[in-house]
Amino acid sequence: MSAELTASTSTPLERDARLVNARDPHHVAPGDIAIGVIIGRTSEFFDFFVYAIASVLVFPSLIFPYVDALTGTIYSFALFSLAFIARPIGTFIFMAVDRNLGRGVKLTIALFLLGGSTMAIAFLPGYAQIGTSAAVLLGIFRIMQGLALGGAWDGLPSLLSLNAPERRRGWYAMIPQLGAPLGLLVANGLFAFFLTTLSTADFLDWGWRYPFFVAFAINVVALFARLRIVATPEFQRLFETRELQPAPVGETLSTEGRTVFLGAFAPLASFAMFHIVTVFPLSWVVLFNKERPQDFMMIEIIGSIVGVFAILASGKIADRVGRRTLLGLSAAAIAAFAGFAPSLLDQGGTGETIYIVLGFLLLGLGFGQSSGAINSGFSPLRRYTGAAITSDLAWLIGAGFAPLAALLLSSHFGLVAVGAYLLSGAIGTLAALGINKELAKRAS
C-alpha cells in the first residue's frame with residue numbers, strides 16, 4: 001500500500017496510532033496483538049450483553065407493557081435476534097468500504113455506529129410516551145448494532161494466528177474468545193450495581209440507561225486499540241501480500257462455500273450453549289422463579305470467571321490433542337449436559353449455581369476453539385473475508401435465536417425442551433466435524 005493511499009484512507013485516530021508506532025518502532029509481538037484483540041472483542045460483547053440483560057429486565061415493561069411479562073420478554077428476544085440477521089449484511093457492506101476506503105475507515109465507521117446505536121438506546125422513550133413507535137425504534141437500533149458488528153471484523157484474529165508459534169496455535173486461537181466472558185462480567189456487574197443501589201422505580205426510569213452510555217466510551221478505547229495494530233508495519237506487510245485483504249463476498253462464497261458451511265456448523269454446540277447459559281437463564285429465574293435478578297447476576301459473574309479460565313484451558317488442551325478433537329469432545333460433553341442440567345434451574349440457588357458453573361466450564365472449552373478449527377482451511381487470499389462470513393453465519397445459526405427458542409420451548413414444554421435444543425446443536429457440531437474429516441481423507 002502506497003503512502004499516498006494510506007494517507008487518503010486513514011482516519012485521524014488511525015493516523016494518531018501510526019504516529020504512536022513511529023515513536024515506538026519495535027516489532028509488534030503476538031502479545032501486543034492479543035491485547036488489542038481482547039479489548040476489541042470485550043467491547044463488542046459488552047454492547048450485546050447490555051442489550052440482552054435489558055431485554056429481560058427493562059424492555060418488557062418499558063416497550064411492551066400492554067402484554068404479560070412472558071410475552072413481553074418473548075417480543076424482546078425477537079428484537080434481540082434482529083442483530084444476528086443484520087450482521088451478514090453488515091459484513092457485505094463494510095467489506096466494500098474496506099476495499100475502497102481502507103480498514104481504518106471501516107473500523108472507525110463500524111465502531112462509532114456500534115457505540116452510537118447502543119448509546120442511542122439509552123435515550124429511548126417508552127410505550128407510555130410514543131406508543132408502538134418505541135418498539136420500532138428499538139428494532140432499528142438493534143439492526144444498526146448488527147450491521148456495525150459485521151463491519152467491526154478487523155482481521156486481528158487472523159493476524160494473531162499468522163504470528164503465533166507453530167505449537168501454540170490453539171493457545172492463540174482462544175484469545176479472541178476471552179472477550180465474551182469479560183464483556184458479560186462487566187455488563188452483569190454494572191446492572192447488578194444499579195439494581196442493588198436503586199429502587200425498582202428509579203432503575204426502570206433512568207438507572208438502566210447508564211450501561212448503554214458506558215458502551216460508547218468503551219468502543220472508543222477499543223477502536224484505538226485496534227487501530228494501534230492495524231497501523232503497524234507487520235499488518236501492512238501482510239495486507240500488501242494479500243494475506244489480510246478483503247475479497248468480494250460473492251467470490252468467497254462461490255469458491256470457499258464448503259469451508260464456510262463447515263465452519264458455521266462446527267461450533268454449533270458451543271454457540272447454542274452460549275445464550276443458554278448467559279441470557280436464557282436470567283429470563284427463566286426472573287419470570288418463573290420470581291428471584292431478584294441481581295442475586296442471579298452474581299452467580300453469572302462467578303460463571304464468567306470460570307468461563308475465562310475454561311477458555312484459557314482450551315488453548316492448552318487444544319495444543320495437545322488438536323482443536324477439532326477438543327471441539328468434538330466438548331460437543332459430546334454438551335450433549336450429556338443437555339440431558340440433565342436444564343432442570344437444575346428449578347432447584348433453587350444451589351441448582352442454579354451448578355448449572356451456571358458447569359455450563360460455563362463446558363462453554364469455555366468448546367467456545368475457546370470455535371474460531372480456529374475450520375478457518376485455517378481458507379486459502380490465504382480469502383481467509384479474511386471467509387472468516388468474517390463464517391463467524392456471521394455461526395452466530396446466526398447457533399446463537400441468534402437461542403434465547404427466543406429456549407424461552408418459547410421451555411414455557412410450553414418445560415426445561416427438558418431446552419435440553420433437546422442444546423442436543424441438536426451438539427449433533428450439528430459432531431456432524432460437521434465428521435464431514436470435514438471425511439472430506440480431508442478424500443482429498444489426501
Side-chain angles (χ1 to χ4, degrees), residues 1 5-6 9 14 33 36-37 40-41 44 83-111 113-114 146-164 169 172-173 176-177 226-227 229-232 234-267 271 370-400 432 436:
M1 179 182 291
L5 180 59
T6 299
T9 60
E14 187 179 3
I33 304 170
V37 170
R41 295 301 178 267
E44 293 173 5
F84 297 92
I85 298 172
R87 183 171 170 171
I89 301 172
T91 293
F92 181 82
I93 294 171
F94 279 98
M95 282 295 172
V97 175
D98 198 336
R99 291 195 302 273
N100 291 287
L101 298 177
R103 183 100 8 116
V105 174
K106 183 192 86 160
L107 288 176
T108 301
I109 295 173
L111 289 182
L113 179 61
L114 180 60
L147 293 173
L149 192 59
W153 186 261
D154 49 23
L156 294 187
S158 295
L159 180 66
L160 189 63
S161 175
L162 291 169
N163 282 271
R169 293 289 172 85
Y172 283 94
Q177 312 304 83
R226 294 183 186 202
L227 293 179
I229 306 301
V230 170
T232 59
E234 287 85 357
F235 192 99
Q236 293 300 323
R237 280 195 294 271
L238 285 169
F239 185 88
E240 289 169 359
T241 59
R242 304 191 70 181
E243 289 278 349
L244 292 177
Q245 280 195 29
V249 173
E251 173 188 305
T252 301
L253 288 174
S254 65
T255 58
E256 306 271 6
R258 187 191 75 184
T259 306
V260 169
F261 176 83
L262 292 175
F265 277 87
F271 277 38
S370 62
S371 67
I374 302 295
N375 288 350
S376 58
F378 287 109
S379 63
L381 298 184
R382 299 181 182 86
R383 181 184 292 117
Y384 172 74
T385 302
I389 299 171
T390 300
S391 178
D392 293 343
L393 294 180
W395 281 110
L396 174 61
I397 298 168
N436 186 62

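We use all heavy atoms of the structure for the numbers below, so side chains are in, but hydrogens, waters and symmetry mates are not.
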_Gap between atom CG of Leu101 and atom OG1 of Thr108 - 0.5 Å precision_ = 11.0 Å

*asked:* Return the CG to CD1 distance between Asp392 and Ile85, rounded to the nearest 0.5 Å.
replied: 13.0 Å

_Minimum heavy-atom distance Ala152-Leu111, with the two atoms named_ = CB-CD2, 4.0 Å

*Has the side chain of Lys106 got a donor or acceptor atom that lies under 3.5 Å from a matching backbone atom of Arg99?*
no

*Can the positive tip of Arg383 be found less than 6.0 Å from the middle of the six-membered ring of Trp153, inside 45° of the ring normal?*
no

*May I ask you to test the Glu251-Glu256 pair for a side-chain heavy-atom distance under 4.5 Å?*
no

*Please name all residues satisfying ring pair (Phe, Tyr, Trp, His ring centres under 6.0 Å) with Phe261, sequence neighbours left out, ordered by chain then number.*
Phe265

*Quick one: does Asp98's side chain have a donor or acceptor within less than 3.5 Å of a partner on Phe94's backbone?*
no

*Nearest 0.5 Å please: distance from the CG atom of Leu253 over to the OG1 atom of Thr390.*
8.5 Å

*Where is the tightest heavy-atom contact between Leu381 and Ala247, given as atom of each residue plus distance?*
O-CB, 3.9 Å

*Between CG on residue Leu114 and CG on residue Leu107, distance to nearest 0.5 Å*: 11.5 Å

*asked:* Show, in sequence, the C-alpha distance, side-chain angles and deciding distance for Arg87 and Leu147, and conclude whether the side chain to side chain contact (heavy atoms under 4.5 Å, CB included) test is met.
replied: CA-CA 5 Å; Arg87 183 171 170 171; Leu147 293 173; over 6 Å; no

_Any residue meeting ring pair (Phe, Tyr, Trp, His ring centres under 6.0 Å) with Phe271, in chain and number order, not counting sequence neighbours_ = Phe367, Trp395

*asked:* Can you give me the closest heavy-atom contact between Pro267 and Ala264, atom names plus distance?
replied: CD-O, 3.6 Å

_side chain to side chain contact (heavy atoms under 4.5 Å, CB included) for Gln177 and Arg41? Distances and angles first, verdict last._
CA-CA 7 Å; Gln177 312 304 83; Arg41 295 301 178 267; over 6 Å; no

*Backbone of Ala388 reached by a side-chain donor or acceptor of Ser391 within 3.5 Å*: no

*Do side-chain atoms of Thr252 reach the backbone of Pro248 as a donor and acceptor pair under 3.5 angstrom?*
yes

